[in-house]
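Remarks on the structure that follows.
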Amino acid sequence: MRQIEKVGAPDEAETACSAGSLEGRALLTAAQMRAAEQEAIAAGTTGAALMERAGAETVAALLAHWPDLAAGPGRAAVLCGPGGNGGDGYVVARLLRARGWEVRLHALAPATQADAKAQAEGWARIGAIGDWADAAGAVAQADLVIDALFGTGLARPLGDEVAPVIAAMRGRRVLAVDLPSGLCSDSGRVIGTHCVEADLTVGFHAPKAGQVLDRGPAQCGALALRDIGLAEGDAVARITAAPQGLGKRAGHKYGHGHALVLAGGPGRGGAVRMAAQAALRIGAGLVTLGCPPAALQENAARLDAVMLRPLRDAGALQDMLGDARLNALCLGPGLGVDRAGDLVAAALSARRATLLDADALTAIAEQEELAGQLHDACLLTPHDGEFARLCPDLSDRLRGDATSGPAFSRIDAAAAAARRLGAVVLLKGPDTVIAAPDGRVAVNAGVYDRAAPWLATAGAGDVLSGICCGLMARGFAPYEAACAGAWLHVAAARRFGPGLIAEDLPATLPAVLRQLLS
Ligand SMILES: NC(=O)C1=CN([C@@H]2O[C@H](COP(=O)(O)OP(=O)(O)OC[C@H]3O[C@@H](n4cnc5c(N)ncnc54)[C@H](O)[C@@H]3O)[C@@H](O)[C@H]2O)[C@@H](O)CC1
Ligand SMILES: [K+]
């Protein structure tokens, strides 16, 4: 994935957005971006001034990103669409030309938006607006391609007349203004089939959801965010940030919570043992692994600090939960589909903080009455396949072809699932989305981080479950535990780096914590 090589690569200083600089940022939809623009216009600025600023910031960002282009002028192909995005393109063309660049500009369609029209007229006084039929030729000869076809106003698939021009971009440096054309600003999905693949995307004001979700990072390349003087308004989600409150007071281990992690039969305990260790590492005072008697010996041979309890069936779990000090439960990894339903029912009736993953999610998907017992102290951590079983209709909308914008997004899907299930949902992926039933949504944008590919390893998700469960034992509410857990999970992977296997994640947590708490 190209953006991962770029961000955090040796040229990091010129790359405006790494995972670090996106942390905590508000994510906007196209409608929210338009509202911020309208608010600024109502407060006295003009659309023309914003467009001028956007164009100037784009040029500044490209010169910062590619110092060799700053050293001397080259040849640019500027591709303009009919709306505001095209308007930004006309500004960029004028500014590059003023710096001595040879600029060939091609309009896909005449400018129709008022400010863009004025910019197009201004450009026409100093340069030519070439035919679209010649755009591919100009692109093939350019040192730099400026994609200013469509931004937040993309409403339908790009026409086939764009395909040869996109094909000609191969091997060229491509800068997308605001968004790579063809990419949906709200979902990060490609509308239709054609989409520009940029090396650098210069976004304005705030990151857009589509820049961090789904195909967004791959199509955007590196992301440079530039201020254009708008005020912060509503946001659809936030990017996760380094968690607060992980320091520990001195005191008895029971003061730091007691997590119960349930395991399946012999030979199925690897995932659960990693989850239990992660829960301990993240600071739960005590962690007990409950497993069928036949698996006790195997687990005992591989665990020391984690306590073991035989747990024959759901009745035994109910008895065990008579101990109110067991304040967080983890059901899922390796549990076994045969036993999962009864155990999940017993766990849910105790109404403790409960993490549900893997086999526990399958049981909930298959037994409607279990879904009805979910409560707001539950955290569900499905990957895409599990999500499809839990909420097939939402998954279908997410996976179906996107033919018009804005398309249904992973944020929409996770938020709808959280509302429907009445529980926190963490939808796993390179762009993990965490949604609470009260409407809060966060995105863990590990995609802009070199750790992401190393996290695609067996058992990594089980460790995430353990981290989140450990945090819930420590008293974090499920949504906060999920946000912190997802962040810590990526931070551990980033710290460990290449060659990571799931076991390394719990072992790396202390170093991550040390850095956070220093
Ligand atoms: N919202 C803001 O605050 C600012 C927006 N600016 C720029 O303006 C852009 C948004 O402008 P617009 O809302 O005009 O949207 P766009 O410029 O993205 O395009 C909208 C126009 O394209 C047409 N269209 C949509 N999809 C099409 C398709 N597949 N094929 C052919 N035509 C299609 C629409 O009918 C409309 O005429 C932003 O992306 C950004 O680049 C900047 O100038 C700065 C300020
Ligand atoms: K664009």
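Side chains included, hydrogens not; waters and symmetry mates left out as well; all remaining heavy atoms used. Every number for a ligand or one of its atoms is a count from 1 in the order of the listing.
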Test item: Glu102 and Pro73 side chains (from C-beta on) under 4.5 Å apart, heavy atoms: no

Residue pair Leu175 / Asp147, side-chain heavy-atom distance below 4.5 Å: no

Test item: Trp132 side-chain N/O and His106 main-chain N/O as donor-acceptor pair under 3.5 Å: no

Sidechain-backbone polar pair: Arg410 side chain, Lys428 backbone, donor-acceptor under 3.5 Å: yes

Within less than 3.4 Å of the K ion (ligand 2), any N, O or S from [X]?
X	answer
Gly89	no
Asp178	no
Pro180	no
Val196	no

Asp68/Arg173 salt bridge by N-O under 4.0 Å criterion: yes

Ion pair check, Arg474 and Glu480, cut-off under 4.0 Å: no

Reported CD-to-NZ distance for the pair Gln211 and Lys208, which is rounded to 0.5 angstrom: 5.0 Å

One line per pair, note the atom names and distance for all nitrogen or oxygen contacts under 3.5 Å between ligand 1 and the protein.
unit_1   : atom_1 : unit_2 : atom_2 : d
ligand 1 : 1 (N)  : Glu37  : OE1    : 3.2
ligand 1 : 8 (O)  : Asn85  : N      : 3.4
ligand 1 : 11 (O) : Gly84  : N      : 3.3
ligand 1 : 14 (O) : Gly84  : N      : 2.8
ligand 1 : 15 (O) : Gly153 : N      : 3.3
ligand 1 : 17 (O) : Gly84  : N      : 3.1
ligand 1 : 17 (O) : Asn85  : N      : 2.9
ligand 1 : 18 (O) : Gly151 : N      : 2.6
ligand 1 : 18 (O) : Gly153 : N      : 2.9
ligand 1 : 26 (N) : Ala155 : N      : 3.0
ligand 1 : 29 (N) : Arg156 : O      : 2.8
ligand 1 : 29 (N) : Pro157 : O      : 3.0
ligand 1 : 32 (N) : Arg156 : NH2    : 3.3
ligand 1 : 39 (O) : Thr152 : N      : 3.0
ligand 1 : 39 (O) : Thr152 : OG1    : 3.4
ligand 1 : 39 (O) : Asp178 : OD2    : 2.6
ligand 1 : 41 (O) : Asn85  : ND2    : 2.8
ligand 1 : 41 (O) : Asp88  : OD2    : 2.6
ligand 1 : 43 (O) : Asp88  : OD1    : 2.5
ligand 1 : 43 (O) : Asp88  : OD2    : 3.4

Angle in degrees, rounded to 10°, that O of Val177 and OG of Ser181 form at the K ion (ligand 2): 170°

Angular separation of O (Leu179) and O (Phe150) seen from the K ion (ligand 2), to 10°: 80°

Of all N/O/S atoms in Asp147, the name of the one nearest the K ion (ligand 2): O

Exercise: identify the closest heavy-atom pair between Ala415 and Val441: CB-CG2, 4.1 Å

Thr201/Asp178 under side chain to side chain contact (heavy atoms under 4.5 Å, CB included): CA gap, chis, key distance, verdict: CA-CA 6 Å; Thr201 294; Asp178 209 13; 6.0 Å; no

